[in-house]
Amino acid sequence: MLKMSTLLLRTLRDDPADAEVASHRLLVRAGYVRRIAAGIYSWLPLGYITLRNIERIIREEMDAAGFQEVHFPALLPREPYEKTNRWDEYGADLFRLKDRKGNDYLLGPTHEEMFTLMVKGEYSSYKDLPLSIYQIQNKFRDETRPRSGIIRGREFVMKDSYSFDLDDEGLAASYEAHRQAYIKTFDRLGLKYNIVSAVSGAMGGSRSEEFLAPCSTGEDTYVLCEKCGYAANVEAMTTKVEAYSGSAAQVMEIFDSPSTPTIDSLVDLLNEKFGPGHKASDTLKNVMLMADSKAISVLVPGDREVDLKRLQANMPGVEEIRMFEDADFAKFPGLVKGYIGPQDAKKNGIEVLADPRIVIGSHWITGANAKDKHVRFVTNGRDFEVDKYIEAVQVRAGDLCPNCQTPVIIDRAIEIGHIFQLGRKYAEALDLTVLDKDGKSRVVTMGSYGIGVSRAVAAVAEQTLDEIGLSWPREIAPADVHVVATGREDEVFQAAKTLAEDLEEKGLRVMYDDRREASAGVKFKDAELIGIPFIVVVGKALAEGKVEFRVRKSGEKSEIELLKAVTEIYNAVTKA
RNA sequence: CGGGGCGUAGCGUAGUGGCUAGCGCGCCUGCUUUGGGAGCAGGAGACCGGGAGUUCGAAUCUCCCCGCCCCGACCA
């Protein structure tokens, strides 16, 4: 039983000055966590119980799925990370240190290498697969900007799993098993979440999804279709377009367009010259970029911007994308800055990538590759060729859902889980192979699956808190029921203590506010701040042989006969 | 890393050149109070982030450093 009189807990009346987001403010005020350094937090008893409850649920679901728990050190040697090139690739985000002999060590940011090596050390036959193992461990990343309290820390608790399979079908099955386990886990945590398709990025995996808990303070942006449920990370959103249905345009017509460096100024000129009704979306923007050392042109409708992050996510293998600079223009004399059109791209030796909205047969107003000249009726497929269609424009609310063509909304969320098919990158780098049926050596294929455990504490808090404090789902709360004794008479405290003990005997986890010196008001405020889902007040109603039962979330209050209290409270708490 | 802001007691803060650094919460002692963050009285707690400088005198001005928060860039 948690007794308030002895609990290491000091609630704060004022919001801490360094906390902005609600979960952070309340977790500090309610005495769950304390900041030690930027992005580094200590857990006080209430917070640690909560964190362990979440760990417990995750562990139960992982075990139920047949995954096995292991544990690695947080302090790791350099060599394995050297072999996979991550000692360098991870860059400044990696916490590095040296031992007394001058050897390099790191604090693990994620443990692919160690898992791979563990399996390599123990297994060597296809008969041993499939295998899924996981750990719950503190991870370290020297984030450039830790923020939002526990949501993005430099040390945090993560559950990471890895699956090992012989072939792609096996990997798909392991992936699905994790997906289902995650659904069960997050449902039990009481989180609202969307599973969104993500881009697997440079890792080269074939499938990747994120579990996003919607919340205004979240730092991830995603697209959601409220009609059909389609959800995607903005980078992974796809565009569905209809074939061009308009009539074919007349031949290209070049016209003078002095001083129209921007799309807006061009549209003004068009309306003046060719009559009103021209829109930015009738024009074609040619964005010149350098992808690593290759010049590319990205065509987007004039009313759209290129989202470099999204573009890069859709160009696997490309490490750096940047805008053309004057020096780059100098290398392509055929390109007239501000008046570029795709008509001469072939001639200039530039690869043309285009937004899918630039469909075959559609015609556009674009630059004429000559100073102060534009051209209209430039038709895709007739006057220029697109080498490749690519999703690269900035996604906007109101863009159409690729499934059902309904305008989508854009929402913010906290990423609480990420599952993806890693493939053979680590197995190859660390030479994890097994012998197959035919006695041939085969590289194992892997999946990687993470849950932000400490982050989940904040995510649940964000989704459940209200103006007066935290408000946990029962399985996560530090206790099931919070018994508050008010008044000063010994009988009250005696009755409250007995009730608390009886409830505990029944199997409930009880927090008991047995403080003699605190006023009723203080105790009520604290109980509401702390957020245990049910509050039982033993106080003035005791004179009539009753106690008060409150539901934290709804604020409902009711009176219960003391004699029936244990049973009724037990029933109310456990059925909820 | 770029932009903005901040650093005074455990927490929230006042104090923009003047002598003993003030207030609220919390904490300790006593009395009173006890259903919505109680009252009175007394008390403990601060090298004013650090260093250097300017000055008769620095929390206050100058310079350097450190730390923290927010926005952006970045990020399983």
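Throughout, protein chains are lettered first and strands after them, A, B, ... in sequence-line order, and every chain is numbered starting at 1.
At the heavy-atom level, A:G91 lies nowhere under 4.0 Å from the strands shown. In this structure, A:R550 reaches the bases: a heavy-atom distance under 4.0 Å links it to at least one base atom across the strands shown. A:E548 comes within contact range of at least one nucleobase, with a heavy-atom separation under 4.0 Å. At the heavy-atom level, A:S448 lies nowhere under 4.0 Å from the strands shown.
The pair A:D15-A:R25 meets the salt-bridge criterion, with a side-chain N (NZ, NE, NH1 or NH2) lying under 4.0 Å from an Asp/Glu carboxylate O. Salt-bridge formation is detected for the pair A:E82/A:R78: a Lys NZ or Arg NE/NH1/NH2 atom is positioned less than 4.0 Å from an Asp or Glu carboxylate oxygen. In summary, A:E79 and A:K83 do not engage in a salt bridge, as defined by a charged side-chain N under 4.0 Å from a carboxylate O. A salt bridge is absent between A:K294 and A:D292; no separation between the charged side-chain nitrogens and carboxylate oxygens falls under 4.0 Å. Salt bridge absent: A:E548 and A:K546 never bring a charged side-chain N and a carboxylate O closer than 4.0 Å.
Here A:R147 pairs with A:E219 under the salt bridge (Lys or Arg N to Asp or Glu O under 4.0 Å) rule; sequence neighbours left out.
Considering only the side chain of A:R145, B:rG72 comes nearest among B:rG36, B:rA76, B:rG72.
The distance between the ring centers of A:Y134 and A:H178 does not fall below 6.0 angstrom.
Between the CZ atom of A:R10 and the C1' atom of B:rG37 there is a distance of 14 Å, rounded to whole Å. Regarding A:I414, its CD1 atom lies at a distance of 16 Å from the C1' atom of B:rC75, rounded to whole Å. Atoms CD1 (A:I321) and C1' (B:rC74) sit 15 Å apart, rounded to a whole Å.
Between B:rC28 and B:rA44, the distance separating the two C1' atoms is 7 Å to the nearest Å.
Nearest-nucleotide positions on RNA chain B place A:A19 closer to the 5' end than the other of A:A19 and A:T144.
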Reading nucleotides 6-15 of chain B from the 5' end, what letters show protein touch, with B for base, S for backbone sugar-phosphate only, - for no heavy atom under 4.0 Å?
-> ------SS--
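Taking a pair as Watson-Crick or G-U with both hydrogen-bonding distances under 3.5 Å, the stems of three or more pairs touching RNA chain B are B:1-7 with B:66-72, B:10-13 with B:22-25, B:27-32 with B:38-43, B:49-53 with B:61-65.
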Produce the list of close N/O pairs, under 3.5 Å, pairing protein atoms with atoms of nucleotides 29-34 of chain B; give distances to one decimal.
{"unit_1": "B:rU34", "atom_1": "O4", "unit_2": "A:R488", "atom_2": "NE", "d": "3.4"}

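Note that CZ of A:R188 and CD1 of A:I57 are 5.0 Å apart. Values are rounded to the nearest 0.5 Å. To the nearest 0.5 Å, atom CZ of residue A:R34 and atom CG of residue A:L27 are 10.5 Å apart.
With no hydrogens or angles considered, no side-chain donor-acceptor pair links A:E391 and A:N314 at under 3.5 Å.
For the contact set between residues 22-35 of chain A and RNA chain B, defined by any heavy atom under 4.0 Å, the members are A:R29, A:R35. Within residues 147-161 of chain A, the residues having any heavy atom closer than 4.0 Å to RNA chain B are, in order of number, A:R147, A:S148, A:R152, A:M158.
The minimum heavy-atom distance linking A:I195 with A:A231 is given by the pair O-CB, 4.0 Å.
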